[in-house]
Amino acid sequence: MEGAMDAIYKICEDVPEELDIDVAGLPERPINVFMPRILQFFQSPHASLRKLALGCINQYIVVMPSALYMSMDQYLQGLFNLAKDPSADVRKLVCSAWVQLIEVRPSILEPHLKNVTELILQANKDSDDEVALEACEFWSAYCDVSMPPEGLREFLPRLIPTLLSNMVYADDDESLADAEEDESFPDRDQDLKPRFHASRLHGSETGEDDDDDDAVNVWNLRKCSAAGLDVLSNVFGDNILPTLMPLIEQNLARTDDDSWKERETAVLSLGAIAEGCIAGLYPHLPQIVAFLIPLLDDKFPLIRSITCWTLSRYSKFIVQSLDHPNGREQFDKILMGLLRRILDTNKRVQEAACSAFATLEEEAAEELVPHLEVILQHLMCAYGKYQKRNLRILYDALGTLADAVGAELNQAKYLDIFMPPLITKWQQLQNSDKDLFPLLECFTSIAQALGPGFAQFAEPVFQRCINLIQSQQLAKIDPTAAGSLYDREFIVCSLDLLSGLAEGLGAGIESLVAQSNLRDLLLQCCMDEAADVRQSALALLGDLSRVCPIHLHPRLQEFLTVAAKQLSPQSVKDAVSVANNACWAIGELAIKIGKEIEPVVINVVSCLVPILKSPEGLNKSLIENSAITLGRLSWVCPDIMAPHMDHFMQAWCSALCMIRDDFEKEDAFHGLCAMVAANPSGAVGSLAYICQACASWTEIKSEGLHSEVCQIMNGYKQLLGNSGWEQCMATLEPAVVQRLARYGV
């Protein structure tokens with residue numbers, strides 16, 4: 001019997017849909033025959049059969065065939081009966097079923113929610129950690145599907161202490177052994193997490209950082225409980241504090257060595273609720289931060305590391321408090337405390353401190369400038385002793401510092417501290433060494449920050465990028481001749497560093513481009529089958545268009561054709577970030593090459609209009625870039641664009657309203673004015689939208705553009721006459737009419 005059940009379980013696991021289809025010669029689908037019989041095994045005296053039966057049916061929760069839907073009452077009753085099963089494997093599967101049901105079929109559980117929640121809460125305290133972990137997944141799942149929070153509220157006084165006690169390190173937690181390793185232990189290959197380079201994207205930032213307090217990414221009860229507390233704090237906010245804070249205070253008050261795990265849990269809890277409970281914690285944050293600072297020097301490494309993470313979660317508050325009494329003194333203590341921990345002898349603490357420092361850098365920005373020398377000295381001291389894994393995080397901290405302070409880094413006394421060690425490493429690494437990736441990323445940030453100051457280092461860096469792209473393109477065709485296997489990340493990182501050089505050096509990159517075959521390599525990359533290669537290549541195309549378009553000239557029409565191809569509806573659907581960069585690059589080229597863009601204008605516009613007319617679900621950056629590029633094309637080719645304006649004017653103006661004031665928006669409005677001037681009557685039907693777009697400016701800094709907009713507005717006022725104009729104004733919000741007054745209408 002067990003063998004037969006095991007065979008059915010394997011079918012349900014691998015190809016569940018095969019049992020839910022009509023089979024010739026059978027009166028009904030196999031699942032309709034199996035389902036009632038499998039459900040009977042929930043009552044088997046043999047734990048192995050109960051486990052297999054439950055495992056079989058759980059495979060169908062997501063697809064929910066009618067056989068299971070019709071047997072739902074029996075299935076749920078079976079789950080309730082098995083909730084206290086003597087077998088931990090069965091109890092774990094019961095919890096798994098409830099988690100899946102709340103995720104994909106919450107309406108089924110809703111009538112039974114109180115009973116299910118009670119049983120899950122009991123299971124969350126199960127003596128078997130795997131059962132407790134499976135149960136713990138329920139809380140985040142409940143909140144993620146936006147179930148009414150009221151259903152959980154009554155359980156909070158019991159749930160929060162359970163989560164807290166499960167956040168204490170278990171005696172067999174791998175992290176405890178890892179925490180004993182000091183910096184002299186070499187990294188093992190399995191310690192090096194796979195890394196992912198995010199290709200360059202032009203426009204609104206949409207990425208989110210993932211916080212992770214633990215170095216070794218093994219999901220366990222501790223982490224799941226902390227994640228649950230984080231989610232609950234975001235749903236219930238300050239309402240969890242009356243239950244939680246006394247427990248945290250109680251754990252922090254235990255200062256004996258045997259209670260270090262409880263103290264560590266209290267610090268982790270403060271980090272977990274940093275976002276959700278900030279309003280309630282705010283009045284007490286100076287005291288909380290003051291309490292955390294000494295823990296940076298605690299004798300237990302895992303308390304030092306979690307304190308780094310928790311302080312980083314309050315970075316925004318720490319920086320905002322600089323002008324408060326003692327705020328600057330507290331900031332300086334945290335800064336120096338994290339720098340000390342960056343030089344900790346414990347690898348786990350080094351990692352936590354480096355990551356926390358990178359978070360603080362993002363918030364602090366120019367506030368770091370007075371401390372640059374001491375920061376760089378500490379970072380480069382760490383650079384001399386870190387092993388591979390933490391070196392990657394250190395590169396990130398150095399790149400983030402460059403992004404944060406920008407041109408302030410461009411001073412000889414600073415360059416002398418950090419550039420020689422980086423160049424030495426750059427020269428040591430082979431072209432096939434993946435340790436180049438984080439170094440290439442770091443140099444990208446440094447090149448952008450130093451601007452023309454990077455010129456003295458640019459030539460060998462530029463040439464190395466060209467060589468990397470060439471050798472990888474060869475490796476793609478013939479790995480033996482290239483001497484290494486193809487890895488497109490080398491190409492992506494190199495393209496992004498070349499973009500950083502173009503941004504930093506400006507026209508200073510021209511001589512390097514002129515002496516290289518970058519143009520031909522770039523065209524190849526723009527046509528690559530991999531989306532991330534195309535994305536970075538098109539970003540570089542836009543950057544080169546800005547600073548040295550002349551060197552793109554011999555293959556200009558090919559570049560334009562390839563870029564336009566990325567904007568087809570299917571291409572936008574398949575790779576929206578590639579489309580975004582293609583759109584931006586076409587706009588950059590347009591303002592540099594003028595009428596030479598004419599051959600692709602109609603094709604590009606026909607792709608941009610659907611994006612502007614149906615922006616739902618598309619990323620903000622693509623919509624903004626589409627509006628700007630449409631404007632730039634209108635500016636250089638108003639005679640081609642003007643006859644078609646009634647197809648897109650309203651959607652375009654709506655998109656222009658959403659763009660912040662900057663030079664790109666100015667370009668788009670030059671296009672709007674040029675097109676209206678070429679065909680004033682064609683835009684009369686969209687005048688209200690044009691007015692809204694013109695009113696969206698906080699201030700037009702360009703006098704020329706301000707005067708063009710005044711001419712357009714006054715021209716329409718004359719064209720319509722007073723009564724027609726008043727009619728149009730009556731359709732607008734009073735605030736919009738008020739802002740239009742600055743244009744003299």
Side-chain angles (χ1 to χ4, degrees), residues 189 192-202 392 426-444 460-502 509 512-513 515-545 551-552 554-568 570-582 585:
D189 285 345
L192 298 171
K193 286 187 285 190
R195 59 175 304 290
F196 302 99
H197 172 84
S199 299
R200 201 172 177 87
L201 182 71
H202 271 279
R392 292 176 177 181
W426 172 263
Q427 290 165 343
Q428 285 170 351
L429 293 171
Q430 299 294 312
N431 273 3
S432 56
D433 193 328
K434 292 187 180 188
D435 288 339
L436 262 180
F437 297 150
L439 184 51
L440 288 162
E441 287 175 353
C442 183
F443 267 143
T444 303
V461 171
F462 181 92
Q463 199 48 55
R464 180 87 178 261
C465 290
I466 298 291
N467 294 344
L468 282 166
I469 295 168
Q470 274 179 316
S471 62
Q472 285 301 318
Q473 286 186 339
L474 176 60
K476 197 174 179 181
I477 305 157
D478 187 350
T480 314
S484 65
L485 292 172
Y486 174 66
D487 185 340
R488 69 176 187 268
E489 197 158 356
F490 283 105
I491 296 181
V492 173
C493 288
S494 298
L495 289 167
D496 287 350
L497 178 44
L498 289 170
S499 275
L501 286 175
I509 200 174
L512 296 172
V513 176
Q515 294 162 31
S516 73
N517 62 337
L518 175 58
R519 178 178 57 237
D520 299 336
L521 290 175
L522 181 59
L523 185 58
Q524 259 183 291
C525 292
C526 286
M527 297 188 287
D528 199 278
E529 66 274 12
D532 52 353
V533 174
R534 294 200 308 280
Q535 182 178 329
S536 290
L538 288 156
L540 178 54
L541 176 64
D543 285 318
L544 293 177
S545 304
H551 296 298
L552 300 171
R555 306 197 72 169
L556 188 59
Q557 291 308 321
E558 290 169 272
F559 276 118
L560 286 169
T561 305
V562 169
K565 196 175 164 189
Q566 310 304 317
L567 295 173
S568 72
Q570 190 57 48
S571 300
V572 171
K573 198 174 168 187
D574 292 343
V576 72
S577 297
V578 178
N580 176 75
N581 286 1

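Here the structure is a predicted model, which is why all the values come from computation and not from measurement.
- At a threshold of 4.5 Å between non-hydrogen side-chain atoms, the residues M527 and L523 count as touching.
- The aromatic rings of F443 and W426 lie perpendicular to each other, with more than 60° between the two planes, well past the 30° mark.
- Screening R464, Q472, Q470 for a side chain to side chain contact (heavy atoms under 4.5 Å, CB included) with L468, the sole residue that qualifies is R464.
- If you take CG on L497 and CG on L501, they are separated by 5.0 Å, rounding to the nearest 0.5 Å.
- Between atom OG of residue S494 and atom CZ of residue F437 there is a gap of 8.5 Å, rounded to the nearest 0.5 Å.
- Heavy-atom minimum distance, Q566 versus A579: O-CB, 3.5 Å.
- In this structure, the separation between CD on Q473 and CG on L521 is 5.5 Å, given to the nearest 0.5 Å.
- What you find for F559 and L541 is that their closest heavy atoms are CD2-CD1, 3.6 Å.
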Let's go through L518 and L544 carefully: what are the C-alpha distance in whole Å and the side-chain angles of both, what is the deciding distance for side chain to side chain contact (heavy atoms under 4.5 Å, CB included) to 0.1 Å, and is it a yes or a no?
CA-CA 10 Å; L518 175 58; L544 293 177; 3.9 Å; yes
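- With rounding to the nearest 0.5 angstrom, the CG atom of N467 is 10.0 Å from the CZ atom of F462.
- Other residues, nucleotides and ligands contribute more than 12 heavy atoms inside 6.0 Å of the CD atom of Q428.
- One finds the CG atom of L440 at 11.0 Å from the CG atom of D435 (value rounded to the nearest 0.5 Å).
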Before you tell me yes or no, could you show the steps for L498 and I469 under side chain to side chain contact (heavy atoms under 4.5 Å, CB included), namely the whole-Å CA-CA distance, both residues' side-chain angles and the distance that decides it to 0.1 Å?
CA-CA 11 Å; L498 289 170; I469 295 168; 3.9 Å; yes
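- The minimum heavy-atom distance linking A531 with V578 is given by the pair O-CG2, 3.2 Å.
- Scanning all heavy atoms of the two residues, the minimum distance from S499 to A539 falls at OG-C, 3.8 Å.
- To the nearest 0.5 Å, atoms OH (Y486) and OG (S471) are separated by 11.0 Å.
- Residues E441 and D496 are not in side-chain contact: their nearest non-hydrogen atoms beyond the backbone lie 4.5 Å or more apart.
- Between C526 and L538, the shortest heavy-atom distance links the atoms SG-CD2, 4.1 Å.
- Atom CG of L485 sits in a sparse spot, with 12 or fewer heavy atoms from other residues, nucleotides or ligands closer than 6.0 Å.
- Using a 4.5 Å heavy-atom cutoff, the side chains of N431 and S484 are not in contact.
- Considering only heavy atoms from C-beta on, L436 stays 4.5 Å or farther from C493 through its side chain.
- S536 places no side-chain N or O within donor-acceptor distance of the main-chain N or O of V533, the cut-off being under 3.5 Å.
- Distance alone, capped at 3.5 Å, is enough to place a donor-acceptor pair between the S571 side chain and the K565 backbone.
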Applying side-chain hydrogen bond (donor to acceptor under 3.5 Å, both in side chains), run through D528 and Q524 and close with a yes or a no.
CA-CA 6 Å; D528 199 278; Q524 259 183 291; over 6 Å; no
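- A side-chain donor-acceptor contact under 3.5 Å links N581 to the backbone of Q535.
- A side-chain donor-acceptor contact under 3.5 Å links T561 to the backbone of Q557.
- Using a 4.5 Å heavy-atom cutoff, the side chains of E489 and D532 are not in contact.
- Considering every non-hydrogen atom in both L522 and L540, the closest pair reads CD1-CD2, 3.9 Å.
- Of the possible polar contacts, one joining the R519 side chain to the H551 backbone as a donor-acceptor pair under 3.5 Å is found.
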